[in-house]
Amino acid sequence: MGDWQRSCRCGEPGEGDVGGELTLMGWTQSVRDHGGLLFIDLRDRSGMVQVVLNPEVTPEAHDKAKRVRSEDVLAVRGTLVHRSDETVNPNIPTGAVELMARELRVLNPSRVPPFPVDDEVEPTETSRFRYRYLDLRRPRGLRPLEIRHRMLSTIRNHLNDLSFMEVETPVLTKSTPEGARDYLVPSRMHPGKFYALPQSPQLFKQILMVGGVDRYFQIVRCFRDEDLRMDRQPEFTQLDIEMSFVQPEDIFAMVEGMMQRVFREVRGVELETPFCRLSWEEAMGRYGTDKPDLRFGLELVELSDTFRDSKVAIFTRALAAGGIVKGLRAPGAGDLSRKELDDLTELVGRYGAKGLAWIKVTDSDWQSPLTKFLSEAEKDALRDLTGVQSGDVIFMLADDFDIVNEGLANLRLEMGRRLGLVQEGVQAFTWVLDFPLVEWRKAEGRFTAVHHPFTAPREEDLPLLESDPARVKSRAYDLVLNGMELGGGSIRIHSPELQRQVLSLLDVNPDTVDDQFGFLLEALDLGAPPHGGIAFGVDRLAMLLSDSPAIRDVIAFPKSQRAVCMLTEAPTAVDVRQLAELQIRTLAGD
RNA sequence: GGGGCCGUAGUUCAGCUGGUUAGAACGCCGGCCUGUCACGCCGGAGGUCGCGAGUUCGAGUCUCGUCGGCCCCGCCA
């Protein structure tokens, strides 16, 4: 660079700067060599500006420019001039001006890049993330991170305005029995012992409440060693919030205000508040899921009673086994082909359904493999309950509660898309309330917490804790947007006795309760205020705000589906001496 | 742990029921060109068809295995 100092960024020069002497630095987007005149598009994060080299004015600079290649890093000094009317480029913000170069320095030449650094062709994800630095030079690569940054800075401003305090909690912490698989970190000072990376700062933030921190938040990395998905990474970021002396209403109002501001400042969209609210039971009943996409209707219909004494064996058999029958009317879907119906059957099959019953309703008849088993009374009931009309299809599923709901919920999403019912541009927020406190895990033969073990039961359900735990509802809530779970939280248990009772209901061994949660129980016994909070998936929110198809797009250096860092190739083997120091020997031979 | 899709030039892709020397566009290299902005024109180079077996007279194409990427189920309090 020598002693040169950059005067502004490439996207910034405008007509106000014309006549000025500018020094610009950036990357070579393209070179257009006309033999005589030569143009260079100089780019940085802020944008692009055209540099002109004229061999008659500056033969030396022009000569150097002839050897400039894509992605070379340049510094150019010259005069900013107006372009003549015919040569103005309306497609870029700096298109009215250009830099007449007097002197050019190649700060660092670049090898030919492994993929073109522009938004024209999308490189494969493998090369995008292997060469993430090239990807980030493209607007398409950088934009999701810019939106993420704006979102987080808006959130910090907002919470700061509301007197929240950001506190950092430990990353080297303690493994706890419930929840996802932990990432472990061996301890050198304590051979054979391990820290765990936090799955969330849950217990620390509750302890902060006991410490009187009152209004806490943290934008914090969390770790879960589970298999990846399009919207799941092994390390992800939570917006963690906790407040003392609050009711759910206080949390809702705070979150709605925050979301309003985020959508206003990041997307320029004005959200209506208060958000919709659904009980868990209503959400499950009408949509078959606890995270319904409310951008379209297509509600499910309960049909168990209709078919209680039916001749349709698949229905009565499922009901006899304690299952349910539910249906979904797809308006105007009567033209579905056999192949399409097979595909839909395969779709519900993914969630365990053994088949998918369908009826095509036309003016003259009901076409279905089931027709001959359906009584007139059942047809009347179906007409009443679904409002079916000629040209529609009724889908029905009979199986246990989870399979029916999950199958139909996903069928509903698919049909919503196929029938073009999803209203684009609509932000359909909803709170989902009154989740069950616990659910029975057949595989494990015990109850597990639906939210987490520190969630308070509803007060009116306390008597059921002993007699019928499955019917106890919790003071938990989720925030759902367009079918995506953005965050969830709850009012916490602040009584040590109740906390012990819930832990024992979850069949946590009484010895390990004190081992694992002793510090929490002790804190609850030393003046813990009633408190509650919520945590959001920052990455998912950023995905939504940036219209990104995958979580990888909103993370600077994401991991592949097999949890490998595509840039550094971590995890890797370590030196045996490091292992010896930790007193660790691996079983995996390699 | 299970199911599915994909892997061909530097990049994005085409390559049919197996059949001559594996193609296109962009990029790259060389030449020409003084108002282009996805500059244009002429010429050229560039391939372990992910890898390994198998079937076959013959495999980019079929089969099996393997590696990698992506999507899904399980898992993710």
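Keep in mind that the numbers below use all heavy atoms, side chains included, and drop hydrogens, waters and symmetry copies. Numbered from 1 within each chain, the chains take letters A, B, ... in sequence-line order.
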Rounded to whole Å, how long is the line connecting atom [atom1] of [X] with atom [atom2] of [N]?
| X | N | atom1 | atom2 | result |
| --- | --- | --- | --- | --- |
| A/D135 | B/U11 | CG | P | 15 Å |
| A/D41 | B/U36 | CG | P | 14 Å |
| A/N91 | B/C39 | CG | P | 12 Å |
| A/E98 | B/C37 | CD | P | 13 Å |
| A/R140 | B/U11 | CZ | C1' | 14 Å |
| A/I40 | B/C39 | CD1 | P | 13 Å |
| A/H82 | B/G35 | NE2 | C1' | 17 Å |
| A/M566 | B/C70 | CE | C1' | 10 Å |

So what's [N] paired with, Watson-Crick or G-U wobble, going by both distances under 3.5 Å?
| N | result |
| --- | --- |
| B/C76 | none |
| B/G68 | B/C6 |
| B/G40 | B/C32 |
| B/G54 | B/C62 |

Test ring-ring contact (aromatic ring centres under 6.0 Å, His included) applied to A/F517 - qualifying residues, sequence neighbours left out: A/F454

Partners passing ring-ring contact (aromatic ring centres under 6.0 Å, His included) against A/F39 (at least two apart in sequence or in another chain):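 Applying ring-ring contact (aromatic ring centres under 6.0 Å, His included) to A/F39 gives A/H34.
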
Would you measure the distance from the [atom1] atom in [N] across to the matching atom in [M] and give it in whole Å?
| N | M | atom1 | answer |
| --- | --- | --- | --- |
| B/G18 | B/C62 | P | 8 Å |
| B/U56 | B/C16 | P | 23 Å |
| B/G19 | B/C26 | C1' | 31 Å |
| B/A38 | B/U21 | C1' | 33 Å |
| B/G60 | B/C49 | P | 8 Å |
| B/A22 | B/A9 | P | 14 Å |
| B/C5 | B/A77 | P | 31 Å |
| B/G4 | B/U20 | P | 32 Å |

Do the side-chain N and O atoms of [X] and [Y] include a donor-acceptor pair separated by under 3.5 angstrom?
| X | Y | value |
| --- | --- | --- |
| A/Q206 | A/H531 | yes |
| A/Q218 | A/T169 | yes |
| A/D118 | A/Q29 | no |
| A/D41 | A/S30 | yes |

Pair listing, side chain to side chain donor-acceptor pair (under 3.5 Å) test, anchored in residues 57-67 of chain A, at least two apart: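 For residues 57-67 of chain A, and leaving out neighbouring residues, there are no side chain to side chain donor-acceptor pair (under 3.5 Å) pairs at all.
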
Touch class at under 4.0 angstrom, heavy-atom based, for A/D118 against every strand present: nothing

Sugar-phosphate, base or nothing in reach of A/S560, heavy atoms under 4.0 Å: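 Sugar-phosphate contact only - A/S560 comes under 4.0 Å of backbone atoms but never of a base.
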
Ring-base stacking, A/H34 with B/U36 (5.5 Å, 30° cut-offs):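 No, A/H34 does not stack on the base of B/U36, since the centre distance and plane angle fail the 5.5 Å and 30° test.
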
Pi stacking test for A/F115 and B/U11: under 5.5 Å apart, planes under 30°: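 No, A/F115 does not stack on the base of B/U11.
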
What protein N or O atoms touch nucleotides 24-30 of chain B N or O atoms at under 3.5 angstrom, if any, and at what distances?
residue, atom, partner, partner atom, Å
B/C29, OP1, A/R69, NE, 3.0

Under 4.0 angstrom between A/T124 side-chain N/O and B/C70 OP1 or OP2: no

N/O (side chain, A/R32) to phosphate O (OP1/OP2, B/C39) under 4.0 Å: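 So the side-chain polar atoms of A/R32 do come within 4.0 Å of the phosphate oxygens OP1 or OP2 of B/C39, strictly under.
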
Residue pair A/Q501, A/E466: steps toward the side chain to side chain contact (heavy atoms under 4.5 Å, CB included) verdict: CA-CA 9 Å; A/Q501 194 185 353; A/E466 299 260 326; 3.6 Å; yes

CA sep, side-chain torsions, deciding dist, call: A/D507, A/R446, salt bridge (charged side-chain N to carboxylate O under 4.0 Å, His left out): CA-CA 7 Å; A/D507 206 20; A/R446 65 180 192 113; 5.8 Å; no

Upstream residue (5' side of RNA chain B) when A/P123 and A/V564 are each assigned their closest nucleotide: A/P123

First of A/Q50 and A/T126 reached from the 5' end of RNA chain B, by closest nucleotide: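 Nearest-nucleotide comparison on RNA chain B picks A/Q50.
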
Donor/acceptor link under 3.5 angstrom from A/E346 side chain onto base of B/G3: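 Between B/G3 and A/E346, which were checked side chain against base, a qualifying N/O pair under 3.5 Å is absent.
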
Criterion salt bridge (charged side-chain N to carboxylate O under 4.0 Å, His left out) on A/R140 and A/E122, from CA distance to verdict: CA-CA 9 Å; A/R140 215 189 272 180; A/E122 191 70 2; 2.6 Å; yes

Closest to the A/R83 side chain, choosing from B/C37, B/C39, B/U11: B/C37

Run the side-chain donor-acceptor check on residues 231-243 of chain A: report pairs under 3.5 Å with partners two or more places apart or on a different chain.
residue, atom, partner, partner atom, Å
A/R232, NE, A/D227, O, 3.4
A/R232, NH2, A/D227, O, 2.5
A/Q233, OE1, A/K559, N, 2.8
A/Q233, NE2, A/K559, O, 2.9
A/E235, OE1, A/R221, NH1, 2.8
A/E235, OE2, A/K559, NZ, 2.9
A/T237, OG1, A/R148, NH2, 3.2
A/T237, OG1, A/R221, NE, 3.4
A/D240, OD1, A/K205, NZ, 2.7
A/D240, OD2, A/Y216, OH, 2.9
A/E242, OE1, A/K205, NZ, 3.2
A/E242, OE1, A/R492, NE, 3.3
A/E242, OE1, A/R492, NH2, 2.8
A/E242, OE1, A/G533, N, 3.4
A/E242, OE2, A/R492, NE, 2.8

Base-contact (B) and sugar-phosphate-only (S) positions in nucleotides 71-77 of chain B, heavy-atom cut-off under 4.0 Å, - elsewhere: BSBBBBB

Atom pair CD (A/E98) and OG1 (A/T87), whose distance is rounded to the nearest 0.5 Å: 5.5 Å

